[in-house]
Protein chains: 2
Amino acid sequence: MDLKRSDLLQGTLDLLILKTIEHRPLHGYAMAQRILETSREVLTVQQGSLYPALHRLERKGLITAEWREAESKRMAKFYSLTASGRTQLAEEMDQWQRYARAIQWVLQAPEVAS
Amino acid sequence: MDLKRSDLLQGTLDLLILKTIEHRPLHGYAMAQRILETSREVLTVQQGSLYPALHRLERKGLITAEWREAESKRMAKFYSLTASGRTQLAEEMDQWQRYARAIQWVLQAPEVAS
DNA sequence: TACTGATATGTAGACACACAAGGTATGGAC
DNA sequence: GTCCATACCTTGTGTGTCTACATATCAGTA
């Protein structure tokens with residue numbers, strides 16, 4: 001009924017996840033918080049998007065999981081980048097820059113002379 | 001089989017189309033050419049994406065079609081923005097800027113102190 | 001004791017949309 | 001007469017995000 005648009009552009013979630021665990025392992029819940037925080041409250045990652053994405057990335061061998069105790073004293077699944085995950089991250093960052101620049105060019109294209 | 005990734009991020013095609021006909025009506029085929037050109041060969045709009053998108057936008061009342069003779073002397077369907085299409089364009093440009101900025105923030109987030 | 005809220009993980013089903021692959025037709029060049 | 005660029009279109013498929021739901025633990029509090 002409402003015109004609610006999807007929060008994330010399809011294809012960018014993987015990039016966000018990989019980037020967020022670039023420097024240290026995090027569990028899913030913390031990733032979502034971290035992304036919300038670093039995006040200054042703009043990007044909300046839904047749990048129904050996050051967990052399937054994590055499993056997908058794990059199946060692809062880009063991240064690995066390990067159960068550890070979180071700060072909260074509760075067990076949580078910490079994910080970290082694999083070597084190929086790191087390569088993938090670099091590629092996806094590159095592609096994003098390229099893509100965003102291209103869109104920008106279209107949006108700023110000078111009006112054509114009639 | 002090949003790792004061919006999708007050329008366009010889902011959700012951005014409408015924006016590209018609306019922007020491309022902002023200042024003058026164009027037919028579908030020409031839009032694709034124009035987007036390819038203004039994006040400096042980065043963004044390729046497939047016909048199988050373009051035409052359904054045009055029909056979608058027309059159904060939503062954001063654009064209107066009119067058969068006219070093209071430069072090529074052949075009949076072609078020229079699309080132009082409606083008033084609500086113009087509003088939508090402004091909104092989508094806004095949202096894109098907001099979104100791209102947010103991604104950028106995540107990608108440039110300073111490493112957390114351990 | 002029972003409750004509430006934040007933490008933490010997960011699944012099932014719906015839906016949107018870009019894609020590949022196929023098709024039709026016309027006009028100009030050769 | 002054949003080929004290519006132009007111009008339109010549809011069908012089916014896959015991917016990925018969303019909503020909604022289910023489960024469990026722990027801390028604080030009434």
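Every chain is numbered from 1, with letters handed out A, B, ... down the list of sequences.
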- Take I17(B) and R56(B) through the side-chain contact (heavy atoms from CB on, under 4.5 Å) test and state the conclusion after the steps. CA-CA 12 Å; I17(B) 290 174; R56(B) 210 161 55 225; over 6 Å; no
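- A straight line from CE of M31(B) to C1' of dC8(D) spans 12 Å, rounded to a whole angstrom.
- Of the candidate nucleotides dC9(D), dT9(C), dC18(D), dT9(C) has the atom lying nearest to any side-chain atom of Y51(A).
- Across all strands, G48(A) comes closer than 4.0 Å to base atoms (heavy-atom distances).
- Across the protein-nucleic acid pair, L16(B) atom CG and dA18(C) atom C1' stand 13 Å apart, rounded to whole Å.
- Side-chain atoms of Y29(A) lie closest to dA6(C) of the nucleotides dC8(D), dA6(C), dC18(D).
- Once rounded to the nearest 0.5 Å, the distance linking CD1 of I63(B) with CG of L26(B) reads 11.0 Å.
- Residue contacts shown for L13(B) are limited to sugar-phosphate atoms, with no base heavy atom under 4.0 Å away.
- For K77(A), the listed nucleotide lying nearest its side chain is dG10(C); candidates were dG10(C), dT10(D), dT11(C).
- L9(B) places its CG atom 19 Å from the P atom of dA16(C), with the value rounded to the nearest Å.
- Residue L8(A) places its side chain closer to dT17(D) than to any other of dT10(D), dT17(D), dA8(C).
- Taking the nucleotide of DNA chain D with the nearest heavy atom to each of P52(B) and Q33(B), the more 5' of the two is matched to Q33(B).
- At whole-Å resolution of the value, CD in Q47(B) and P in dT11(D) are 16 Å apart.
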- Query: Can you list the steps and then say if L13(B) with S49(B) is a side-chain contact (heavy atoms from CB on, under 4.5 Å)?
  - Reply: CA-CA 8 Å; L13(B) 178 54; S49(B) 313; 4.0 Å; yes
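- Here A70(A) lies in heavy-atom contact (under 4.0 Å) with sugar-phosphate atoms only.
- The side chain of R56(B) places no N or O atom within less than 4.0 Å of a non-bridging phosphate oxygen (OP1 or OP2) of dA16(C).
- If you take CG of L26(A) and P of dT9(C), they are 10 Å apart, rounded to a whole angstrom.
- Across dA5(D), dT11(C), dA8(C), the shortest atom-to-atom separation from the side chain of S72(A) is found for dA8(C).
- A donor N or O paired with an acceptor N or O is not found under 3.5 Å between the base of dC17(C) and the side-chain atoms of Q10(A).
- Aromatic ring orientation, H55(A) versus Y51(A): tilted (interplanar angle from 30° to 60°).
- A30(B) comes within 4.0 angstrom of nothing in the nucleic acid, heavy atoms only.
- Between atom CD of residue Q97(A) and atom CD1 of residue I103(B) there is a gap of 10.0 Å, rounded to the nearest 0.5 Å.
- Distance CG (L54(A)) to C1' (dT9(C)): 10 Å, rounded to an integer number of Å.
- Picking from dT9(C), dC19(C), dC8(D) the nucleotide with the shortest atom distance to the side chain of Q46(B) gives dC19(C).
- For the OP1/OP2 pair of dT9(C) and a distance below 4.0 Å, the side-chain nitrogens and oxygens of H55(A) include no atom meeting the criterion.
- Comparing dA7(D), dC19(C), dG10(C) by their nearest atom to the side chain of D7(B) picks out dC19(C).
- Whole-Å rounding puts the L15(B) CG to dC17(C) C1' distance at 15 Å.
- With dT11(C), dT9(C), dA7(D) as the choices, the nucleotide that has an atom nearest any side-chain atom of H27(B) turns out to be dA7(D).
- Residues T20(A) and T38(A) form no side-chain contact, since every pair of their non-hydrogen atoms from C-beta on lies 4.5 Å or further apart.
- Nucleotide dT25(D) holds its P atom 15 Å from the CD atom of E69(A), rounded to whole Å.
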